[in-house]
Asker: 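Quick one: structure below, then a few questions.
Side-chain atoms are counted along with the backbone in the values below, which use heavy atoms only and exclude waters and symmetry mates. Note that the coordinates shown come from a computational prediction; the quantities given were computed from them, not determined experimentally. For this chain, numbers begin at 1 and follow the sequence in order.
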Amino acid sequence: MSDILTSIVEKRKEDIKRLGTSFGFDIPENRLRPLHKFLPQKGVILEVKRASPSKGDISPNLDASQTAISYAKAGAAAISCLTETNYFKGSLDDLMKVCSSLDTRESRNGSPLPAVLRKDFLLSAEEIEVSYRAGADAVLLIARILDTVTIVQMAKAAALHEMTSLIEVRSEEDLEKLKAVSLVVDNKYIVCGVNSRDLATFKIDLLRPVLMLQKIKNIMGDDARVVFESGVTNYECAASVGALGFTGLLLGEAAAKNPELREGLVKAFTTSTATANSEFWRDYAFGVSQAKKTLAKICGLTKIEDAQLAEKHGATFLGFIFADAFPRSLTREDRLEKLLPQLDRLNTKKITVIVDLESEEAKTAIKYVKHGIFDVVQFHKIPYEQVPQELLELPHFFATDSLEEYEKLVSKGEFRVLLDSKILTKTAGQPQSFKTTYEVKWLAGGITPENVQALIEQNHPELIDVSGGIENSETPGIKNHNKLQKLMEEL
C-alpha cells in the first residue's frame, strides 16, 4: 500500500477506535428489510458518491435517497453507497437512507429494485454484521488491505447472512486471497471486482481488469461474475468494457455528477457485445499477464528478412507503414508486392500503420485487416472522431504525440494508446513527466539499443515501439540486424 490508501485505512482505524464500527450512527438491532440478489446477470452498479481523494468534491450536495431513486429509474442493477467519511464524504446514514427509499419505492411498485452494496474500506467481520443490520445486500472487501485470514472470516460472515461479497482484486497476491475465500464460501455469494484505478496512486489503467479477468475465471470457473470498477466516464468507454465479457460495471463519478448520462451509460454497457477488437484486447491482456519482460513493436518494416529476425527475437508486434509520404512505407516502390506472398511465414501479429483514412494506402491496409492478411490497424495521429464505428470494431489502437489527445483516447475506452513522445529523443532514459490521469504503458520516440535499458528502468513501459533506432540513417526501412538483435537482447 502506498500513501493515499494507507492514509485512508489508518484514519479509519482511528475512527473505529473512537466511535466503534457503527461510527456513532444508530444502527437497528435487527435487519429491517429483505435481502436482494446482487448482480445475478449483466448490469451496471451506479454509485452514491460525493467526493474522492483524486477528484475532490464530485457532488457534495448529493441527496442519497433521491439519487438512489434516480439510479433505479435509470436501470441500475445495483446501487453502491460509499460510507467512508474522511475522503469520500459518505456515511452509514447514507446507506440506510438509500435502503429506505428503495424499499418505499419497491412496496409501491410491487417489483424488486436494485440490490445495495456498501462500499467502504471494511476491516473486520464485525463490520459485516453492522452492514447487514444497516440494510446492505452486499459488501466490498478489498483484498489489498486485508490479510488472508481476515478476508476469509469476513466473506464467511457475509455468506452466513446470505449477503454477497464483492471481492476486489488487482494483484497476484490478491488472487491467492480470492482462492482461499473460494474454498470455503459458495460462489453464489462471491462477485469479483477489479479496479482500473490503483488505490495507491489513483492512476487508471483500463486494461488492468481485462488482464485479471481470465485469471479470476481460472480460480472461480467460467461462470464467475466479474465487475469492471472505475475509469468509465462516457458511452464509448462503457460499450468497450461491455464487449469484453464483464458481468458488471461500477460507475462512480460519471453517474453521480451527470444525471443526464445515467440511462445511456447503463444501456451502452448492457447492450454491448463482443467484436473483433474486444477479442484482440482480451488475447493481448492474457499475453501481457504471461510476459516476463517489456514487449516490443518493431515498426517501419519493409523486408521479410527483417520481420523474421524481429519475430525470432520475440517481438510482440510487427509494424508496416501504409503511407506513401513516409520513406518506410510498404506501399513505395514494389515492397508490398514482394512482401505479400511471404506474409504467411510470419506468426507474429502484423500491424498496418495508417495516417489518413481517405488515402488509397489506408483503404488498402484496412481491406487487408478485414481479410485477415494483416491483423491490426494503427491509427497514427488520426483523431478519434474521424474513425467510423465499423473500423473501431476491427482490432486497432491509436498513436499520438499529444498528452491531451492521449487522455481523450483512453477515456473513450482505448485500452492502449501508443504515446509517441518526442521528448525521449532529447532525454532518452530520463524520467518523463506524464501528467495524466492514466498510466502511460506504450512508448515510442528516440528509442535505441543504447538507451532502452535506462528508459525501462525509469518509465517501466509495458511495450516500446522502435523503428529508426535500429536502422542506419542512410537506409530508412532497412533494419540493421546487429542493432535489432542488440535491442531485443537488452529487453
Side-chain angles (χ1 to χ4, degrees), residues 295-343 345-346 348-369 373-382 395-401 417-425 428 442-452 455 461 463-488 491:
L295 308 178
K297 170 176 172 270
I298 304 301
C299 200
L301 292 161
T302 60
K303 296 176 61 180
I304 189 66
E305 295 83 3
D306 296 352
Q308 287 178 313
L309 185 65
E311 180 174 82
K312 176 184 175 182
H313 286 285
T316 298
F317 297 129
L318 306 174
F320 301 87
I321 297 172
F322 282 70
D324 284 347
F326 290 77
R328 297 182 181 89
S329 180
L330 199 60
T331 56
R332 293 176 64 153
E333 303 166 9
D334 58 352
R335 293 167 175 168
L336 183 57
E337 289 75 12
K338 288 181 178 179
L339 192 66
L340 278 175
Q342 305 178 83
L343 286 178
R345 294 158 64 181
L346 300 171
T348 303
K349 293 286 186 185
K350 299 175 285 294
I351 314 294
T352 62
V353 181
I354 63 175
V355 300
D356 178 6
L357 285 174
E358 300 304 316
S359 71
E360 289 304 315
E361 310 98 87
K363 292 175 182 177
T364 297
I366 290 166
K367 179 184 69 175
Y368 285 145
V369 173
I373 297 169
F374 288 82
D375 302 293
V376 184
V377 181
Q378 175 182 323
F379 298 113
H380 194 78
K381 299 183 183 179
I382 297 175
H396 74 273
F397 60 88
F398 285 79
T400 181
D401 58 4
V417 174
L418 179 62
L419 182 60
D420 186 0
S421 179
K422 298 304 182 186
I423 193 173
L424 294 178
T425 305
W442 286 12
L443 282 176
I447 301 174
T448 69
E450 290 70 35
N451 67 35
V452 69
L455 173 71
L463 177 143
I464 58 167
D465 181 297
V466 186
S467 184
I470 50 173
E471 296 175 352
N472 299 324
S473 58
E474 66 276 10
T475 55
I478 309 300
K479 306 306 178 191
N480 179 309
H481 284 204
N482 289 332
K483 290 183 178 181
L484 194 161
Q485 183 171 337
K486 183 179 179 183
L487 175 92
M488 298 306 290
L491 297 184

Asker: Between Asp375 and Lys350, which heavy-atom pair has the shortest distance, and what is it?
Answerer: OD2-N, 2.7 Å
Asker: Please enumerate all residues that pass side chain to side chain donor-acceptor pair (under 3.5 Å) together with Glu471, with sequence neighbours excluded.
Answerer: Arg328, Lys479
Asker: Once the angle between the rings of Phe398 and Phe379 is folded into 0 to 90°, is it parallel (under 30°), tilted (30 to 60°) or perpendicular (over 60°)?
Answerer: tilted
Asker: Rounded at 0.5 Å granularity, tell me how far CG in Leu491 sits from CG in Leu295.
Answerer: 8.5 Å
Asker: Work out which heavy atom in Gly469 is nearest to a heavy atom in Pro449; give both atom names and the distance.
Answerer: O-CD, 3.4 Å
Asker: Applying ring pair (Phe, Tyr, Trp, His ring centres under 6.0 Å), can you list everything that pairs with Phe374, at least two apart in sequence or on another chain?
Answerer: Phe320, Phe322, Tyr368
Asker: For Val377, run the side chain to side chain contact (heavy atoms under 4.5 Å, CB included) check against Ile354, Val353, Ile382 and tell me which one passes.
Answerer: Ile354
Asker: Holding to side chain to side chain contact (heavy atoms under 4.5 Å, CB included), I want the full list of residues that pass it with Ala399, two or more places apart in sequence or in another chain.
Answerer: Gln378, His380, Leu418
Asker: Verify, without hydrogens or angle tests, whether Asn480 (side chain) and Ile470 (backbone) share a donor-acceptor contact under 3.5 angstrom.
Answerer: no
Asker: Looking only at non-hydrogen atoms, find the nearest pair between Ala365 and Thr352 and report the distance.
Answerer: CB-CB, 3.7 Å
Asker: For Lys483, check salt bridge (charged side-chain N to carboxylate O under 4.0 Å, His left out) against everything at least two apart and list the hits.
Answerer: none
Asker: Mind checking what makes side chain to side chain donor-acceptor pair (under 3.5 Å) contact with Ser329, not counting sequence neighbours?
Answerer: Thr331
Asker: Test your reading of the model: is there a side-chain donor-acceptor pair from Thr400 to the backbone of Asp420, 3.5 Å cut-off?
Answerer: no
Asker: Sequence neighbours left out, what passes salt bridge (charged side-chain N to carboxylate O under 4.0 Å, His left out) with Lys338? Give chain and number order.
Answerer: Asp334
Asker: Residues two or more places apart in sequence or in another chain: which of them pass side chain to side chain donor-acceptor pair (under 3.5 Å) with Glu333?
Answerer: none
Asker: Restricting to pairs with a member in residues 302-311, which pass side-chain hydrogen bond (donor to acceptor under 3.5 Å, both in side chains), not counting sequence neighbours?
Answerer: Asp306-His481, Glu311-Thr348
Asker: Test of understanding: with side chain to side chain contact (heavy atoms under 4.5 Å, CB included), list the residues that count as partners of Phe326, not counting sequence neighbours.
Answerer: Ile321, Ala323, Val355
Asker: For a quick test of reading the model, state the closest non-hydrogen atom pair linking Pro327 to Pro476 and the distance between them.
Answerer: CB-CG, 4.0 Å
Asker: Apply side chain to side chain contact (heavy atoms under 4.5 Å, CB included) to Ala315 and list each qualifying residue two or more places apart in sequence or on a separate chain.
Answerer: Ile298, Ala310, Leu318, Met488
Asker: Which pairs, with at least one residue in residues 357-367 and sequence neighbours excluded, count as a salt bridge (Lys or Arg N to Asp or Glu O under 4.0 Å)?
Answerer: Glu360-Lys363
Asker: What pairs with Glu450 under side chain to side chain contact (heavy atoms under 4.5 Å, CB included), at least two apart in sequence or on another chain?
Answerer: Thr448, Lys486
Asker: Does any N or O in the side chain of Asn451 come within less than 3.5 Å of the main-chain N or O of Gly446, such that one atom is a donor and the other an acceptor?
Answerer: yes
